[in-house]
Engineer: 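Have a look at this one.
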Amino acid sequence: QVQLVESGGGLVQPGGSLSLSCAASGGSVTGYAMGWFRQAPGKEREVIAALTKNGESTWYAESVRGRSTISRDNAKNTVYLQMNKLKTVDTAVYSCAAASNFARLLARDVDGSWGQGTQVTVSS
């Protein structure tokens with residue numbers, strides 16, 4: 001089972017940018033559909049970005065579409081989430097996940113691994 005470790009969270013001002021990383025070990029990110037989820041206080045965890053196994057297709061939740069990019073560096077075995085124009089409503093714990101296929105990610109039915117999460121706080 002692949003192990004995932006996120007980094008890059010922190011405090012950001014509204015309108016700012018952030019890049020999150022999800023480093024994998026014990027398996028290759030190319031063997032999984034990879035996704036980023038977030039959970040805000042008092043809310044359900046939601047999938048916000050996903051990447052297919054072959055890295056050719058992506059999906060974004062409407063809430064982040066147009067200001068976020070999910071990408072993968074196979075050599076570093078790492079998946080990234082770049083977020084721009086951050087808003088206070090983006091404040092949440094962000095986690096990456098690995099699933100056997102894209103559909104499972106979008107259905108929030110992760111059958112692989114989860115990272116421990118990283119806190120992102122957007123505040124002035």
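By convention here, the first residue in the shown sequence is residue 1. All figures in this text were calculated on a predicted structure; none of them were measured in a lab.
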Engineer: At what distance, to the nearest 0.5 angstrom, does CG of N84 lie from CD of Q82?
Structural biologist: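 The distance works out to 4.5 Å.
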Engineer: Show every donor-acceptor pair shorter than 3.5 Å between a side-chain atom in residues 98-107 and any protein atom, with sequence neighbours excluded, or say none if there are none.
Structural biologist:
{"unit_1": "S100", "atom_1": "OG", "unit_2": "D111", "atom_2": "OD1", "d": "3.3"}
{"unit_1": "S100", "atom_1": "OG", "unit_2": "D111", "atom_2": "OD2", "d": "2.5"}
{"unit_1": "N101", "atom_1": "OD1", "unit_2": "A103", "atom_2": "N", "d": "3.1"}
{"unit_1": "N101", "atom_1": "OD1", "unit_2": "R104", "atom_2": "N", "d": "2.9"}
{"unit_1": "R104", "atom_1": "NE", "unit_2": "D111", "atom_2": "OD2", "d": "3.1"}
{"unit_1": "R104", "atom_1": "NH1", "unit_2": "D109", "atom_2": "OD2", "d": "2.4"}

Engineer: Using the ring-ring contact (aromatic ring centres under 6.0 Å, His included) criterion, which residues pair with Y94? Sequence neighbours excluded.
Structural biologist: none
Engineer: With a 3.5 Å distance limit and no angle check, can you tell me whether E6 reaches the backbone of S21 through a side-chain donor-acceptor pair?
Structural biologist: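 Side chain of E6 to backbone of S21, a donor-acceptor pair under 3.5 Å: no, none is there.
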Engineer: Report the C-alpha distance between R38 and V64 in whole Å, list the side-chain angles of each, state the deciding distance to 0.1 Å, and finish with yes or no for side-chain contact (heavy atoms from CB on, under 4.5 Å).
Structural biologist: CA-CA 11 Å; R38 70 183 182 187; V64 303; 3.8 Å; yes
Engineer: Distance check, rounded to the nearest 0.5 Å: Q13 atom CD versus S124 atom OG?
Structural biologist: 7.0 Å
Engineer: Hey, does the side chain of T78 reach the backbone of K76 with a donor-acceptor pair shorter than 3.5 angstrom?
Structural biologist: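 The answer is yes, because a donor-acceptor pair under 3.5 Å joins these two groups.
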Engineer: If the condition is side chain to side chain donor-acceptor pair (under 3.5 Å), which residues does N77 pass it with, not counting sequence neighbours?
Structural biologist: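 N77: no side chain to side chain donor-acceptor pair (under 3.5 Å) contacts found.
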Engineer: According to disulfide (SG to SG under 2.5 Å), does anything in residues 28-115 pair up with another residue at least two apart or in another chain? List the pairs.
Structural biologist: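 Qualifying pairs: C22-C96.
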Engineer: For residues 50-70, which residue pairs qualify under ring pair (Phe, Tyr, Trp, His ring centres under 6.0 Å), counting only residues two or more places apart or in two chains?
Structural biologist: none
Engineer: Do you see a donor-acceptor pair shorter than 3.5 Å between the side chains of T69 and S71?
Structural biologist: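 No, no side-chain donor-acceptor contact under 3.5 Å.
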Engineer: Output yes when D90 and K85 qualify as a salt bridge under the 4.0 Å nitrogen-oxygen rule, no when they do not.
Structural biologist: no
Engineer: Between CE of M34 and CZ of R72, what distance do you get to the nearest 0.5 Å?
Structural biologist: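 Those atoms lie 9.0 Å apart.
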Engineer: With sequence neighbours excluded, tell me which residues meet salt bridge (Lys or Arg N to Asp or Glu O under 4.0 Å) with E44.
Structural biologist: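 Scan of E44 (salt bridge (Lys or Arg N to Asp or Glu O under 4.0 Å), adjacent residues dropped) gives R108.
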